[in-house]
Undergrad: 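My structure is below; once you've seen it, I'll send some questions.
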Amino acid sequence: LDWSRELATCEPEYYRWNQWFFLRMLKAGIAYLKTGAVNWDPVDQTVLANEQVIDGRGWRTGAPVEKREIPMYYLRITAYAQELLDALSQMPGWPERVRTMQANWIGRSEGVNIGFPYTLAGEPKVMRVFTTRADTLMGVTFCAVAPEHPLALHAARDNAPLRDFLGQCRRGAATEADLATQEKRGMPTGLSVQHPVTGADVPVWVGNYVLMAYGEGAVMGVPAHDERDFEFATRYRLPIAPVIDVQGRPYDATKWQPWYEDHGRCVNSGSYDGLESAEAIERIASDLGGRGLAEKQTTWRLRDWGISRQRYWGCPIPIIHCDECGAVPVPEDQLPVVLPRDLVPDGSGNPLGRHAAFLACQCPACGKPARRETDTMDTFVDSSWYFLRFASSGNAESMVDGRAAYWMPVDQYIGGIEHAILHLLYSRFWVRAMDDLKIVNLREPFANLFTQGMVLNEVFFRKPATGRVEYFNPADVDLKLDAAGARIGAVLRADGQPVESGGVVTMSKSRNNGVDPQALVEQYGADTARLFTMFAAPPEQTLEWSDEGVQGAFRFMKRLWKAVHAHVSAGPAPALDPAALDAAQRDLRRQAHQTLAKVTDDIGRRRTFNTAIASVMELLNALARFTDGSEAGRAVTQEALEIAVMCLSPIVPHATHSLWGALGHERAIIDERWRTPDPRALEQALIEIVVQVNGKLRSRISVPAGADETQMRTAALADAHVQKFTAGLGIRKVIVVPGKLVNVVAA
RNA sequence: GCCCGAGUGGCGGAAUUGGUAGACGCAGUGGACUCAAAAUCCACCGCCCUUAAAAGCGUGUCGGUUCGACUCCGACCUCGGGCACCA
C-alpha cells in the first residue's frame with residue numbers, strides 16, 4: 001500500500017481538475033448549458049433524483065413533485081453512444097450481465113423518421129415522428145405529441161381546457177415507473193396533419209404517454225399494432241385499422257393480443273400489400289425519402305448527463321453569471337473555485353445562494369460585478385476519473401501525467417452490481433472525453449471488472465391492527481425449529497411473541513434488516529469473520545445473510561492452529577526427500593500439491609474463494625488422519641501445513657502470518673512468493689476410473705495412469721460387476737474417455 | 001411488459017470443457033471422553049423398499065438430442081435483479 005497516493009475527492013487539490021476539465025469540455029462543446037425538465041421539490045427548492053421521488057412526492061418533504069424547466073449543464077455522453085456500445089463487445093474482462101445492462105441502457109434503436117405535412121397560418125410545415133415500425137404507416141389513425149411539444153404549446157395558446165391538461169401533465173406522476181403504469185390520457189389539439197402516403201387528414205392529440213425527450217417527442221398512432229396506441233384509441237374511440245397480417249390469425253379490435261405487435265405481411269396497405277414487414281419498411285422509407293418525408297434514423301435511449309445539482313456539498317461549477325455577458329467561464333488562472341466551509345446547510349434550498357462572499361465576483365469578460373454559479377457537480381463526476389489521479393498523485397501542475405500511461409487501464413476493478421450502469425458508464429465516457437481532448441491516451445478505464453453480489457437479509461415485522469408496521473432486526477429474532485431442524489416460526493427474543501416474515505430482500509434502514517459485521521469480528525476475530533463470509537458463497541452471487549455457519553469457520557481456524565502447533569512442538573521437521581516416501585506419504589503430498597494447484601486457480605482465475613477454502617479444509621482433514629510421526633512423515637506434514645497456510649493467507653492474513661512464523665520461517669508470509677505445485681508430486685502410478693454400463697455407474701477399477709483406450713476397455717470388460725450387468729446381452733459399443741471412464745453399451 | 005440471472009438434501013453451497021450428483025461446511029442423530037455440561041474426537045446423515053445389497057428413484061415441470069444431461073435444445077412454472085409508456 002502506498003499511502004502517499006491517497007486522495008479525497010472533496011479536497012480542492014482534487015476537484016480543481018473537475019473544474020479545469022469541465023471548462024475544457026465546455027470549450028470543446030462536450031459540455032453545454034440547456035434548460036431541461038427536472039423533478040422539483042417546491043418546499044426544499046431543490047432538484048430531486050428519480051430515486052428520491054416516492055409516489056410522486058419528495059422523499060423528505062412529502063410535497064408533490066413538479067416537473068420544472070431549469071437551466072443545467074449537460075455532458076454530451078450521447079455523442080459517444082455508438083462507440084460506448086461498440087466497445088462493449090470487445091471487453092471480455094467484463095461480466096456479460098454488466099455489458100448487457102449497459103447495452104440496454106444505451107438502447108440503440110433503428111427506425112425511420114417520418115414527416116407528416118401540415119399548414120399553419122398559411123405556412124407549409126412538417127411534423128416529424130420516429131418509428132421502428134414504418135411498415136404500419138398505413139394503419140395510422142391519429143398522431144400524438146408530448147405535452148411539451150411545440151405543437152401542443154401552440155394549440156394551447158387559445159384553448160383553455162388544453163392548457164389545463166398540459167398543466168396537469170406537468171404536475172403529474174414524476175417517477176418513470178409511475179409514468180409507465182399511469183393511465184393513458186390525452187386531448188385533441190384541434191390540429192391535423194396529412195398522411196404522407198394517402199394525404200388523408202390525421203388528427204393530432206396530446207398524449208401523456210409521449211416522451212418529449214425521446215425521438216421527436218411525437219408518435220404516429222397505430223392502435224392496431226401498438227399496445228399503448230390501442231389503449232389510447234380505445235379510451236377515446238379513435239378508429240383501429242389492422243394493416244399487418246400475422247400468419248393469418250384473425251384480428252379482434254375489441255381485445256388486445258400481444259402478437260398484434262409481431263411482424264408479418266402488409267394488408268389494407270395499398271401498393272404495399274403483400275410485402276413482409278422488413279421489405280415494407282425499406283420501401284416506405286425510400287418512397288417517402290424521395291419527397292423528403294422519410295429518413296432512416298438511429299435513436300438512442302441514452303440521454304445526456306445532467307451534472308448540475310442545487311446542493312451545497314459538491315464541486316462548484318466554475319461559471320460566473322454576468323448581466324451583460326451571460327454565463328462566463330472562470331478563467332483557468334482563477335481555479336479552483338473553492339467551496340466555502342463556513343456555512344451550515346439548513347435543509348432548504350442551496351445555502352451557497354445565501355453566502356454573500358461566495359456569490360460576489362467580477363465578470364472575467366467585462367469586469368463588472370457579477371454573481372457566481374451556485375450549482376455544484378453531480379458526485380459521479382468525482383468518481384469518473386479518480387483512478388487516473390491515483391496514478392498521477394501529487395502533481396499540482398496537471399490533471400494526470402505520464403505515470404497514468406504506465407498504470408492504465410485498471411487491471412482489476414471491483415465493485416457492487418449497483419454500479420453496473422451509472423458509475424461504470426460515466427467513467428467510460430469521461431475517459432474517452434479526456435482522450436479526445438488529448439489529456440490521456442486511453443479509451444477504456446477498466447480492463448477487468450468483477451461485480452460482487454448483494455447481501456440480502458430476511459425482514460421481520462409486526463403489523464398491528466392500527467398504526468404503523470414495526471420492523472425488527474433479524475439479530476433480535478429467534479427462529480423456532482422442529483425436531484428435524486425445519487423452521488416452523490419466528491419470535492422476537494425480547495418478548496417471545498411471534499413476528500411475521502416479509503421475505504428476503506436487500507438490506508435497508510427502513511426495513512431494519514442490516515447486519516453489522518463488527519459483532520462477528522468482536523466475537524470471533526477478523527480472520528474468522530472473513531473466512532466465514534468468503535466461504536458462504538461465490539462472491540459474484542447474491543447472498544442471503546445468515547451467521548449460522550460461522551461456528552464452522554471458527555472450528556476450522558482452531559483446528560488449523562492446533563495442527564500447526566502440535567506439529568512444531570515436536571521440533572523442527574527434517575528436510576523432505578520426495579524420492580524416499582511410502583505410499584501414504586506420497587498420497588498426502590499429492591493431495592497437498594493438488595490443493596495448491598486448485599487454490600491457485602480458484603483465487604487467481606475463477607475467484608471462487610469458497611471452493612478454495614473447501615479444498616484446504618479437505619487437506620486439513622487428510623492431515624488429521626495422517627498420524628505418521630516418522631522423519632519422512634514429519635517432513636511431508638511440514639510441507640502440507642506450509643501449503644495449507646500459504647493457500648489461506650490471502651483470506652485469513654493475521655492467523656497465517658503467525659502460523660507461518662511458527663512453521664519456522666523468518667520472512668513474513670506476505671513477502672513470500674506464491675508457490676507452484678511440483679509436477680512430480682502430482683504424478684500417480686495407478687488411477688481409479690469409473691465404469692458404466694448403459695450410462696449407469698456399475699464399478700470402479702484401477703488402471704495404470706497412462707493406460708490407453710485398449711487397456712482401459714479390456715480392464716473394464718474383465719470386471720466382475722460389468723460382466724454381471726452385461727450377462728446375456730450383446731456388447732454394442734464401448735466408449736472410453738482416457739483417464740476418466742469407460743461406458744459399456746449393451747443390449 | 002421487455003432484458004438478464006438463478007432453481008441441486010433440513011440449510012449455505014460443490015460438480016471448471018457433456019463423463020462418479022450432493023465436495024466442503026452448517027444443522028441433526030448415535031457414540032467416546034466427563035460426576036455433569038461445554039469444548040474436542042469418532043461414526044452416520046438425498047428419497048424409497050429391505051434383515052441386507054454396488055436394486056430402484058432423484059438436480060423446478062414436461063419433452064428432445066446423446067453411449068451418457070445439473071450441464072446442450074424447446075416449451076412452461078417459480079424466484080431474484082435490471083430497465084420500465086423509448087414509439
Side-chain angles (χ1 to χ4, degrees), chain A residues 96-101 103-105 107 109 111 129-133 136 144 175-182 184 207-211 213-216 218-222 226-229 231-232 258 261 299-303 417-418 420-421 453-454 456 481-487 503-506 532 535-538 540-544 546-553 555-556 558-559 562 598 601-602 605-606 608 610-611 613-618 621 624 688-700 721 724-725 732-735 737 740-746:
Chain A
E96 177 75 38
R97 181 164 59 139
V98 175
R99 287 187 281 153
T100 306
M101 282 165 73
N104 290 342
W105 183 265
S109 182
V129 303
F130 173 75
T131 179
T132 55
R133 292 299 304 275
T136 64
T175 74
E176 294 185 321
D178 288 341
L179 281 171
T181 50
Q182 167 181 291
K184 288 180 185 38
N208 66 347
Y209 69 101
V210 183
L211 303 174
Y214 186 77
E216 297 286 346
V219 297
M220 60 183 211
V222 185
D226 181 283
E227 187 174 5
R228 296 156 302 179
D229 296 345
E231 202 185 309
F232 192 81
E261 291 187 359
T299 307
W300 305 84
R301 221 189 66 104
L302 184 70
R303 312 284 162 78
I417 186 66
E418 68 275 14
I421 292 170
M454 288 190 279
L456 312 181
L481 307 176
D482 67 13
R487 175 164 156 187
V504 177
V505 297
T506 52
F532 163 64
F535 183 57
E540 221 158 1
Q541 188 173 310
T542 306
L543 174 72
E544 188 177 325
S546 157
D547 56 15
E548 282 281 290
V550 70
Q551 277 293 341
R555 264 199 285 266
F556 174 70
K558 286 193 288 190
R559 272 173 18 106
K562 280 199 274 190
K598 175 159 176 60
D601 187 48
D602 282 354
R605 177 181 65 91
R606 295 212 300 155
T608 52
N610 56 329
T611 54
I613 293 166
S615 69
V616 181
M617 285 175 168
E618 286 183 79
N621 289 343
E688 185 179 74
I689 63 162
V690 168
V691 184
Q692 299 176 331
V693 176
N694 290 332
K696 287 192 176 160
L697 175 65
R698 296 302 186 189
S699 185
R700 297 158 199 275
H721 295 291
K724 180 176 135 200
F725 282 99
R732 305 263 287 255
K733 199 169 172 185
V734 179
I735 288 155
V737 182
K740 278 220 164 131
L741 70 81
V742 178
N743 186 17
V744 179
V745 184

Undergrad: What does the B/S/- profile of nucleotides 65-71 of chain B look like, 5' to 3', with a 4.0 Å heavy-atom cutoff to protein?
TA: --BS---
Undergrad: Pull up the glycosidic torsion of B:G28 and say syn or anti, syn being anything within 90° of 0.
TA: anti
Undergrad: Nearest to the side chain of A:Met101, heavy atoms from C-beta on, is which of B:G25, B:C26, B:G82?
TA: B:G82
Undergrad: Rounded to whole angstrom, note down the C1' distance from B:U66 over to B:A84.
TA: 42 Å
Undergrad: On RNA chain B, nearest-nucleotide positions of A:Asp229 versus A:Lys562: which is more 5'?
TA: A:Lys562
Undergrad: If the condition is side chain to side chain donor-acceptor pair (under 3.5 Å), which residues does A:Asp226 pass it with, not counting sequence neighbours?
TA: A:Arg228
Undergrad: Need one value for A:Arg559: base, sugar-phosphate or nothing, where a base atom within 4.0 Å counts as base even if backbone is also close, heavy atoms only.
TA: sugar-phosphate
Undergrad: What are the atom names and distances for every N/O pair under 3.5 Å that joins the protein to nucleotides 56-58 of chain B?
TA:
from	atom 1	to	atom 2	distance (Å)
B:G56	OP1	A:Arg698	NH2	3.2
B:C57	OP2	A:Lys696	NZ	3.4

Undergrad: What I want to check is whether an N or O donor and acceptor connect the side chain of A:Arg700 with the base of B:U20 at under 3.5 Å.
TA: yes
Undergrad: Expected output check: what is the dot-bracket annotation of RNA chain B, where ( ) and [ ] are pairs inside the strand (brackets for crossing ones), | is paired with another strand, and pairs are Watson-Crick or G-U under 3.5 Å?
TA: (((((((..(((......[....))).(((((.......))))).((........))..(((((..]....))))))))))))....
Undergrad: Can a side chain N or O of A:Arg555 be found less than 4.0 Å away from OP1 or OP2 on B:A27?
TA: yes
Undergrad: With sequence neighbours left out, what residues match A:Arg97 under side chain to side chain contact (heavy atoms under 4.5 Å, CB included)?
TA: A:Met101, A:Ile417, A:Thr451
Undergrad: Measure from the side chain of A:His721, starting at C-beta and using heavy atoms only, and say which of B:C86, B:C24, B:A54 lies closest.
TA: B:A54
Undergrad: Using a cutoff of under 3.5 Å, can you pull out all pairs of nitrogen or oxygen atoms linking the protein to nucleotides 1-4 of chain B, with atom names and distances?
TA:
from	atom 1	to	atom 2	distance (Å)
B:C3	O2'	A:Asn104	ND2	3.2

Undergrad: Could I get the full list of side chain to side chain donor-acceptor pair (under 3.5 Å) partners for A:Asn621, not counting sequence neighbours?
TA: A:Arg559
Undergrad: Who passes side chain to side chain contact (heavy atoms under 4.5 Å, CB included) against A:Ala614, sequence neighbours left out?
TA: A:Phe535
Undergrad: Which residues pass the side chain to side chain contact (heavy atoms under 4.5 Å, CB included) test with A:Ala553, not counting sequence neighbours?
TA: A:Thr528, A:Leu531, A:Phe532
Undergrad: For A:Leu211 and B:A84, what is the distance between atoms CG and P respectively, to the nearest whole Å?
TA: 11 Å
Undergrad: Nearest of B:C86, B:G19, B:A21 to any side-chain atom of A:Leu741?
TA: B:G19
Undergrad: OP1 or OP2 of B:U40 less than 4.0 angstrom from a side-chain nitrogen or oxygen of A:Lys558, does that happen here?
TA: yes
Undergrad: Can you tell me, in whole Å, how much space there is between the C1' of B:C86 and that of B:A15?
TA: 43 Å
Undergrad: Under the rule for side chain to side chain donor-acceptor pair (under 3.5 Å), what residues qualify as partners of A:Asn694, not counting sequence neighbours?
TA: none
Undergrad: Counting the atoms with a prime plus P, OP1 and OP2 as sugar-phosphate, which does A:Trp300 contact under 4.0 Å by heavy atoms, base, sugar-phosphate, or nothing?
TA: nothing
Undergrad: By nearest atom, which of the nucleotides B:U20, B:A23, B:A87 is closest to the A:Thr132 side chain?
TA: B:A87
Undergrad: Give me the distances for all protein-to-nucleotides 14-16 of chain B N/O pairs that come in under 3.5 Å?
TA:
from	atom 1	to	atom 2	distance (Å)
B:A14	OP1	A:Asn610	ND2	3.3
B:A15	OP1	A:Arg606	NH1	3.0
B:A15	OP1	A:Arg606	NH2	3.0
B:U16	O2	A:Arg605	NH2	2.6
B:U16	O4	A:Lys598	NZ	2.3

Undergrad: Taking only residues two or more places apart in sequence or in another chain, which ones pass side chain to side chain donor-acceptor pair (under 3.5 Å) with A:Arg698?
TA: none
